[in-house]
Each structure stands twice: as structure tokens, then as C-alpha cells.
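Positions are given from 1 along the sequence. What you see below is based on every heavy atom in this structure, not just the backbone, and it leaves out hydrogens, waters and symmetry mates.
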Amino acid sequence: MNGEMDSSAKEPVWVQDDLLKLLDAIKGNLPEKDLAKYKTSESHLDWEKVAFNSYSGEMCKQKWQEVSREIRKFRTLTELIVDAQDYVKNPYKGKKLKKHPDFPKKPLTPYFRFFMEKRAKYAKLHPEMSNLDLTKILSKKYKELPERKKEKYVKDFLREKETFMFSMMKFKQDHPDLLENVNKKSNVPEKPKTPQQLWYCHEKKAFLKARPDATTKDIKDSLGKQWPQLSDKKRMKWITKSLEQQKLYEEKMREFIQQHPEMNMTEENIVKSTLTKAERQLKDRFDGRPDKPPSNGYSMFCAELMSSMKDVPSTERMVMCSQRWKLLTQSEKEAYQKRCEQKKKEYEVEMNRYLLSISEEEQQRILSEQKMGRFKKGGGGSSPASKKKNSKAKSSTEKPKPPVSAMFIFSEEKRPKLQQERSDLSDMELTRLLARMWNELSDKKKEKYKNLEMTLKAESEKQSKDDKGKLPETPKTAQEIWQQSVIGDYLARFKNDRGKAQKAMEATWNTMEKKEKIMWIKKAAEDQKRYERELSEMRSPAPVIIPGKKMKFDGEPKKPPSNGYQKFSQEMLSNGELNHLPMKERMGEIGGRWQRLSQKEKDRYKRLAEEKQRQYKVLLEKWLASLSSQEKATYKEYNSLKRRSTSKPGATAAKVKPKAKQSASLIIHKSFSIY
């Protein structure tokens, strides 16, 4: 019996060298192309071949399962061994460092010392209070504590902090290999800080020197209010520092991208401003950028008037400006417009001068971000109207513009010359003159412009046909969608060798279990539905909704009364009892009868209306489910237009008329018509 106890008591002790030998033995017994799931490889492994020294196959298997529980497993066993070796060499790596038995414990802050000291006493005094309420009370008590009493907790904290720092230094000396991984920062350059972040870091140090017991919340509350109150000159100091940091970061990042092409990063990833819009405007103003003038005479008038209306509420300012503008004579309005045009010309000259004085990078930024494309190095530029046209053309590339008319082509040709000859005419008067000139033009001369119109129309029709003929993007298979999601990892593993990566992905997909593929099969089914939906929409274009016209949808359930009174009215109108009265008197009589009803009767009608509403919701959901995606979109759009048209501000609610029976001939199967 003693012999049995001795043998059972002798459990094998695995040292680090033995564990590494075990991992090498497992690695040596794996197949050359190990692409199966790690559990499959583990179950097929011959553990007797893995056994070494005094460790049996079963002992090796048990130890491996113990080690594998500590590492992530969503890879092949070959890849898993690397992490296992790393874990065996350093079990306290990364976040597990603080679990090390020798790792020194951080000292409690002054507030937590006070909290731990007083909590038991307050919990006994107020047993009905929750932990949250106790925390709030103790937090308030600590804030109200005089400085001399707080000093005791601060001193204890500082004393323990010194001990902690000393213990931490000793821990670093005793375990340099553990801290290597913690202190080893990524070699990716650190992102630049914003002006506010730089200022905050600087002020935080000064704040903590004055108040070492301050919490993060105290610092944020105190400093958060100071930044908006800083003068422009002080802000400029931090804006300049932030821009310097950004320039250095961009240089380092360009070098880093060249050294690490596998990161797949571009210039767009690194060129991102650290300044807000207000900070950028402040910087430009300090650099001498001219202020943009008002866009027209009315804007100039409002700007001048508002400078003397600081005491007037902002909601009333524009109303007052509009009223005063209406009181001006036409000559006074034209004077403002002329001043505005003069300001614009001066601004163009100053802006061109400013652009020439700055770097090309800054020029590009101003021309793109601030939409100043009309100011070029050589001067001159396009009008705001043409700029709007360009932006609209860009935003609607998918929808081609309708071709222009012959008269429009004629007007555009003659307008520049007329503007020079008749500079006294406004745009509206000029358009009227051009219209008269077109009407007086002979048919022979008009023919040239009509031919141009026909050419443009033919091109537009051809473009629209080409666009309609384009089929939607073909649906992807489950394997293609999966490969698209993992291609980056495989390219990184095979050093951007696409051929090898493709073969490896195909092999992995073929060995994947069915339950692992289900998610990708579902995504492929969704993509197929998307393709079919887009194809049906392309073949049958959506009907045009005309606002203000009522639409009839085939099979749509009739809307029930929304309350008890409407249900009662509906009943009275349908039974024919009041048909001898005109509609106005009929509704008055119904209102009077409703008032004379008992509360019990009113409640009955209310319950009937609610029941009808519930039935309507069920029927509506079923009907909507039977519609195609295109019909559903049309129905929703019509309802939203109807809501907008019936909810104008200040309008009175219209009386609801009984719905007349619609002719069956107007209803077409699965379609709608406007009547």
C-alpha cells in the first residue's frame, strides 16, 4: 500500500527545457502541409512518437492540452506551436505582467485612502443606501475636507509612491526579459497631437505640481474651461507647434511606408490636418489671408447692420435685416451691390497676391478645402454660377443632364458680347433681350442652332441607353467573399506572392468544415438577392410620383378610424340616417350626438377603433411583405410626400371627407395609377 502511495505521489515536474522539447517533438510529428483545423491535427497525432525521456505519450498529451488552454487557437497547429513556445518561455508576457508574484502593487490615491477608511462607518450608519449612493456621499465629503486634513492622506500616498517606484526599479532589474515586451513600442511613428492636446499636456504637469491629489476629472473640469478663453496669440503658439509635429510625422511616415510596403498605406493615410476649422482660419488670418467679402449687396447690408445689433437676439436679427432692406430704395440697393462687386475685385487681387506668397502645398489646400478654385496663379477664374454647375455635374455623374434647347445655345453664344456692349443691364433684363432677339431671328439662321440641339439630344439619348444597358455587378460566391475578407493576411504571410496566397486560400477553403462556411454562404445568398433586386429595378423603372395627386395601390388595406369619434362618425354616415342634410349640417349633427353620448358608449367606440387599428396593422404588414422592393420604396416615398404636404406650419387641419368607392377599372394587378 505504501508503494502505491509513493508512486501516486510522484507526479512529473515539467521544467521549461522539457516543455520546449515537447513542443519541438509535436512540431516534428506534424505533416509537411498542415492545413487542417488544429483540433483535427491534434486528434490524428501519434502521441507515442511524441513521448521522450521519462514522459509517456499520455503525459505529453495532457501537458500539451494544459499549455494550449493559455493561447488563442483559431489557426493551424503549426502556427499555434510558435505562440506556445513564446508562452512557455514567458508566461507573464503583455497584460499578464501584473499577475507576476513579484510585481509591486500600486499605491492607493489620497481619495481612495479616505474612501476605504470611511466606507465601513457610513455603510453602518446608512444600511439602506446602495454602493453608488455611498460613493457619491464620500466623494462629496472628500471635496469638502479642509486641506490640513487632506494632507495626511496625501503624505501617505507620496510615501507609498516612493516605495512603489523603488520596488518597480528592482523588479525591472530582476526581470529585464519581461519588461522588454511591455516597453517595446511599435516602430510606427507616433501621430501628431492637436494644439489643444499639446496645451493640455503642458498645463496638466503644472496643475499636478500644485495639486498632486487631483483626480483626472478635476484636471479636465479645470483645464477644459481655460482653452476656449485663451487669446489668439497664445493659441497660435500651440497651433505652430502642432503643425511642426505634423510635418515631422509626415516625413517619418513616408520613410516608414517605403520600408514597409506590406502595410498597404498611401499618402492619403498620413496627410490629415491636426487643426480644427476655427484653428485653420486663425492660422490663415495670422499669415495675412484676406477675409472673404459678402456674396451680394444684401449680405453686405446685413453684415454692416448686425455689427450694431449685438444686444438683439440672434433669432430676430435676420428678420429685422430683411424688413429694413425692403424699406431701401432701388438706388440704395444698387449702391450696396456696386460696393460688393468692388470688394470682390479687391479680394481677388489680394487673394492672388497671398497665394503667390505661400508654398505650393498651402496653395493646394486653400484651393481645394476652401473652394477657392477660381483663384489661380495667373489670375482670372470662373463665376460662382459655373462653379455650382461643375459641382452639380460631378455629384450627378450617373444621371445625365437633359440636352439644352436651340434658344439656350443661341443665348450662351451672344451673351458675352451683349454684356460688354450693354453693361447697364441686369442679368434678368439681358435674358429678356436675348429672348426677343431669338424670336426676331429668321428661320434660316435658327436652323444652325436647331441642328446643334438635335446633335446634343441624340448624344444624350445614346448615353442614357448605354447607362440603362449596364448590368449590375455580378454576385459573388461564398468562397470569393471569404477570400476577399482574408486576402490581406495571406498576402502578408506569403510576402505579397499572390499565386501562393491564392493556392493556400483554396486549400484552406477545401478543408474548412461546413458549419464554418455557413456565414459566407449566407452572405453569398444576400449578394445574389441584391443582384436580382438591382436587375429587376433596371428592367422596370420606378413610377414617377406627382406631389398633390392621390395614388391607388392594389390590395392596400383600408385605413381604419383613428379614435372613437371617427368610428362613431363613420357609423352615422354609412347608415343613411342623415343623408337628407347637407354635409356641413350633417357633421354638426354628428358632433352634437357625440356630445350627448354617455362615457360608457364613448369608451365602447374607442375600443372598437383600437381593435380596427390592430387588425389594420396586421393586414398592412402582410400587404407590404407581398410587395417587391421597388413597389415598397414607391409606397414609402408617396407616404412621406403626403405627410410633408399635410403638415405645413401654421396650417389648420383639413376635415376628413368619406372615401368614395373607386372604380375597379382603375386598379391594375400589382401596379398603381394616379387619378
Side-chain angles (χ1 to χ4, degrees), residues 194-195 230-244 246-247 250 271-310 317-318 321 324-325 328 331-394 415-416 419-420 423-427 430:
T194 63
L230 278 183
S231 65
D232 290 348
K233 196 174 180 181
K234 285 182 179 178
R235 275 198 207 187
M236 270 305 297
K237 173 189 167 184
W238 301 105
I239 288 169
T240 309
K241 285 187 177 182
S242 179
L243 288 171
E244 286 170 4
Q246 188 183 352
K247 200 172 181 181
E250 286 172 10
V271 181
K272 191 177 177 184
S273 179
T274 55
L275 307 186
T276 62
K277 189 179 177 181
E279 288 164 354
R280 173 57 67 188
Q281 287 172 350
L282 179 63
K283 171 78 170 60
D284 288 343
R285 197 164 71 246
F286 266 75
D287 289 346
R289 181 176 174 174
D291 292 328
K292 196 174 180 180
S295 56
N296 51 46
Y298 174 66
S299 298
M300 178 176 270
F301 172 77
C302 290
E304 289 178 3
L305 195 61
M306 279 186 182
S307 60
S308 61
M309 292 167 63
K310 289 176 182 176
R317 285 179 195 172
M318 287 310 296
C321 288
R324 292 195 188 182
W325 175 257
L328 294 181
S331 59
E332 286 174 326
K333 287 178 182 178
E334 284 173 4
Y336 272 106
Q337 188 61 38
K338 283 178 183 177
R339 278 176 58 201
C340 182
E341 293 298 329
Q342 183 60 33
K343 285 272 183 188
K344 282 182 183 177
K345 286 174 185 175
E346 289 171 7
Y347 174 67
E348 284 190 24
V349 173
E350 288 174 16
M351 193 64 188
N352 281 321
R353 194 183 295 131
Y354 170 71
L355 286 172
L356 291 168
S357 68
I358 57 177
S359 64
E360 281 189 21
E361 287 178 9
E362 285 292 295
Q363 284 178 22
Q364 288 300 320
R365 177 186 65 77
I366 290 167
L367 295 173
S368 58
E369 288 181 15
Q370 304 298 330
K371 298 179 182 178
M372 298 296 292
R374 63 198 178 98
F375 294 106
K376 295 177 183 175
K377 285 182 184 179
S382 60
S383 67
S386 66
K387 196 159 54 170
K388 282 181 185 175
K389 283 178 189 175
N390 292 338
S391 65
K392 281 181 185 175
K394 282 178 188 174
R415 189 181 289 272
Q419 279 177 333
Q420 287 179 352
S423 56
D424 57 315
L425 294 177
S426 66
D427 285 345
L430 206 64

Answer yes or no: is there a side-chain heavy-atom contact under 4.5 Å between L243 and K283? yes
Quick one, L328 and Y336 - any side-chain contact, counting heavy atoms below 4.5 Å? yes
Which atom names give the shortest non-hydrogen contact between L275 and P195, and what distance separates them? CD2-CG, 3.5 Å
If only atom types and distance count, is the side chain of T240 paired as donor or acceptor with the main-chain N or O of M236 below 3.5 Å? yes
Heavy-atom closest pair (L230 atom, R235 atom, distance to 0.1 Å) is O-NE, 3.8 Å
Answer whether the closest heavy-atom distance between the side chains of M351 and E346 falls below 4.5 Å. no
Does this structure show an ion pair linking K343 with E348, if we count only N-O contacts that are shorter than 4.0 Å? no
Is there a side-chain contact between E341 and K344, using heavy atoms and a 4.5 Å cut-off? yes
Where do M300 and C340 come nearest, in terms of heavy atoms and distance? CE-CA, 3.7 Å
For E350 and P290 the tightest heavy-atom approach is OE1-CB, 3.4 Å
Atom pair OG/NZ of S231 and K237 - distance to nearest 0.5 Å: 10.5 Å
How far does NZ of K247 sit from OG of S242, to the nearest 0.5 angstrom? 13.5 Å
K333 atom NZ, over 12 foreign heavy atoms within 6.0 Å: yes
Salt bridge R285-D291, side-chain N to carboxylate O under 4.0 Å: no
Over 60° means perpendicular and under 30° means parallel, so classify the ring planes of F301 and W325, tilted if in between. tilted
Using only atom types and a distance under 3.5 Å, with no angle test, would you say the side chain of Q337 pairs donor to acceptor with the backbone of G297? yes
Interatomic spacing from CD1 in I239 to CG in D232 - rounded to 0.5 Å: 8.0 Å
Working to the nearest 0.5 angstrom, can you tell me the gap between T194 OG1 and Q246 CD? 11.0 Å
